[in-house]
Structure formats: structure tokens, C-alpha cells
Amino acid sequence: MKSLSFPLSAEAEAAFAHGAVVVFEGRIRSLEEGRPIAAIRYEAYVPMAEKIIAALIRRTESDFSCKAGASHRLGRVPVGEAAVTVTCSAAHREEAFAGARFLIDAIKAEAPIWKADYEWL
Amino acid sequence: MAVRLLFFAQACQWVGTNEVRLDLDRPVPVRQLFELMPRIKPHAASLRVAVNHEYAEPGALVKDGDEVAFLPPFSGG
């Protein structure tokens, strides 16, 4: 498995009542503690991560009146590429930004996913 | 009875493997698993434990067929 994926529902995208879409990408930076890297390898406890992220998405949608999706790559992710993506759509930007912020913070805090290795240059 | 133990990230480095099958005579509390594994015991305070994909307290009983995961602090994203 190469990624945990929870796409924003097509129904949400088609619901033209939503005028605001926020997409957050967490990309791999070129330095780790000041030292250059080429990539990071991620691992996850997949069944539990899927369960937790699905629940966080439902909570985001309920608390922020939005539709939300997320994905997280597993395995090797090179510098410059996105390891994690969160998408949030809502009627207006206030909910979309707040929902996206909540969801990325929650995934980072609560999903059993780890940076398993750094590929040092 | 056989229990499947899974180790992730640093826990895998400490134990030297990502999976161990443990044969137990009877159900045991989670805290006793640490007693049975000297390489992981010193790190017990930093690990969350999940039994069958649900977080478990130290006193929760682990029984035949259970899957126990030892989870270091998360670093996703």
C-alpha cells in the first residue's frame, strides 16, 4: 500500500453551494535539523490509521459544516513532494480554513503514522 | 494461545523486529507484556498500546487471537 486515501466525495465537489475550497499540502523539506535530506520514509499502522483518519474527517465535517478529505503517502517520499494532503470545502472560507486547519493538526497528533527513516545526503 | 505483537518505528528498532508471536498460557494484562519483553520495558512510558485497533489501558486483558500494537509518539504529516 502506497497511501492512506480519503478523497473528498464527488458529491461534495458537485455541490455548488460550496464556494470555498482549501487544500493543504505538507511537503518534504530539504533540511532536517539543518542537515540535507533526499527523502523521508513513512510507515503507518494502517488499519488503525484508516479508522482514526475516517473518524477525524467525520468530526471535521460535523464541527465545521464542511466536507473534508485527506491522504497520506506511505513509503519513500522525496524532498519537494507532498506527504500529506487535506482538502476542505464549505459554503464560505471561514469554515473551509478552520476545518482544514483542524484536520491537519488532528491527523498529525492522532494518526499512527511515523517518519521511519531519513535519507541523508 | 497465540497473540500477535506489532512494533512500529523506534519500537521496531528497540525490539529488532516488527512482529512477534507470543504464546501465553492465559489472558494477561497489557502491563505484563512489558515485563515479558526486556527490550521494550524501559520505553513503556513513551509507548501507547492498542489491542485490536483500540487504545488499551495497562490493565486491559490480552487474550488468544488478539493483535497488540506498540506505538511510539506519532510523527506523520
Side-chain angles (χ1 to χ4, degrees), chain A residues 1-6 23-29 32-33 37 39-57 60 70-77 81-87 100-118, chain B residues 1-22 27-31 33-34 36-37 39-77:
Chain A
M1 164 180 275
K2 288 300 179 189
S3 72
L4 302 161
S5 182
F6 303 84
V23 177
F24 171 83
E25 285 190 354
R27 297 182 181 178
I28 306 298
R29 287 174 292 139
E32 176 59 33
E33 292 178 356
I37 58 170
I40 295 178
R41 185 176 66 82
Y42 285 91
E43 69 173 286
Y45 185 21
V46 170
M48 199 165 170
E50 287 180 332
K51 187 171 140 180
I52 287 173
I53 294 174
L56 290 175
I57 286 172
T60 301
S71 67
H72 199 303
R73 283 172 65 177
L74 301 177
R76 185 179 185 272
V77 184
E81 296 186 21
V84 62
T85 303
V86 159
T87 306
R101 181 61 197 254
F102 172 81
L103 185 53
I104 183 59
D105 285 354
I107 287 173
K108 285 176 72 73
E110 300 183 39
I113 302 172
W114 299 270
K115 295 177 175 68
D117 289 309
Y118 293 98
Chain B
M1 50 171 270
V3 172
R4 194 172 166 224
L5 307 180
L6 303 179
F7 304 95
F8 292 91
Q10 303 97 294
C12 177
Q13 288 163 18
W14 298 326
V15 174
T17 182
N18 59 7
E19 183 168 340
V20 167
R21 273 179 65 92
L22 200 61
V28 297
V30 164
R31 68 171 71 86
L33 294 178
F34 286 101
L36 295 172
M37 293 182 299
R39 290 191 196 179
I40 216 124
K41 187 179 168 183
H43 307 282
S46 72
L47 293 169
R48 296 181 82 169
V49 178
V51 177
N52 302 329
H53 312 154
E54 299 277 347
Y55 290 119
E57 294 297 316
L61 283 182
V62 174
K63 62 188 189 314
D64 191 17
D66 282 349
E67 177 175 294
V68 183
F70 295 86
L71 311 175
F74 308 141
S75 56

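Chain letters run A, B, ... following the sequence lines, proteins first and then strands; every chain starts at 1.
- The two residues B:Y55 and A:E110 make their nearest non-hydrogen contact at OH-O, 3.9 Å.
- Smallest separation of non-hydrogen atoms from B:Q10 and A:W114: OE1-CD1, 4.5 Å.
- Heavy atoms of A:I52 lying under 4.5 Å from chain B belong exclusively to its side chain.
- When the candidates A:G26, A:P47, A:A82 are compared by the number of heavy-atom contacts under 4.5 Å with chain B, A:P47 comes out ahead.
- For A:A49, no part lies under 4.5 angstrom from a heavy atom of chain B.
- Sparse packing is recorded around CZ of A:R101, with 12 or fewer heavy atoms of other residues, nucleotides or ligands lying under 6.0 Å away.
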Mind listing the side-chain donor-acceptor pairs of residues 66-77 of chain B below 3.5 Å, one per line with the distance, residues two or more places apart or on another chain?
residue: B:D66; atom: OD1; partner: B:N52; partner atom: ND2; Å: 2.9
residue: B:D66; atom: OD1; partner: B:K63; partner atom: NZ; Å: 3.2
residue: B:D66; atom: OD2; partner: B:K63; partner atom: N; Å: 2.8
residue: B:E67; atom: OE1; partner: B:R4; partner atom: NH1; Å: 2.7
residue: B:E67; atom: OE2; partner: A:Y45; partner atom: OH; Å: 2.4
residue: B:E67; atom: OE2; partner: B:H53; partner atom: NE2; Å: 3.2
residue: B:S75; atom: OG; partner: A:K115; partner atom: N; Å: 2.8

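- Heavy atoms closer than 4.5 Å to chain B are found in the backbone of A:A44, but not in its side chain.
- Counting heavy-atom pairs closer than 4.5 Å to chain B, the top-ranked of the candidates A:R73, A:K51, A:R27 is A:K51.
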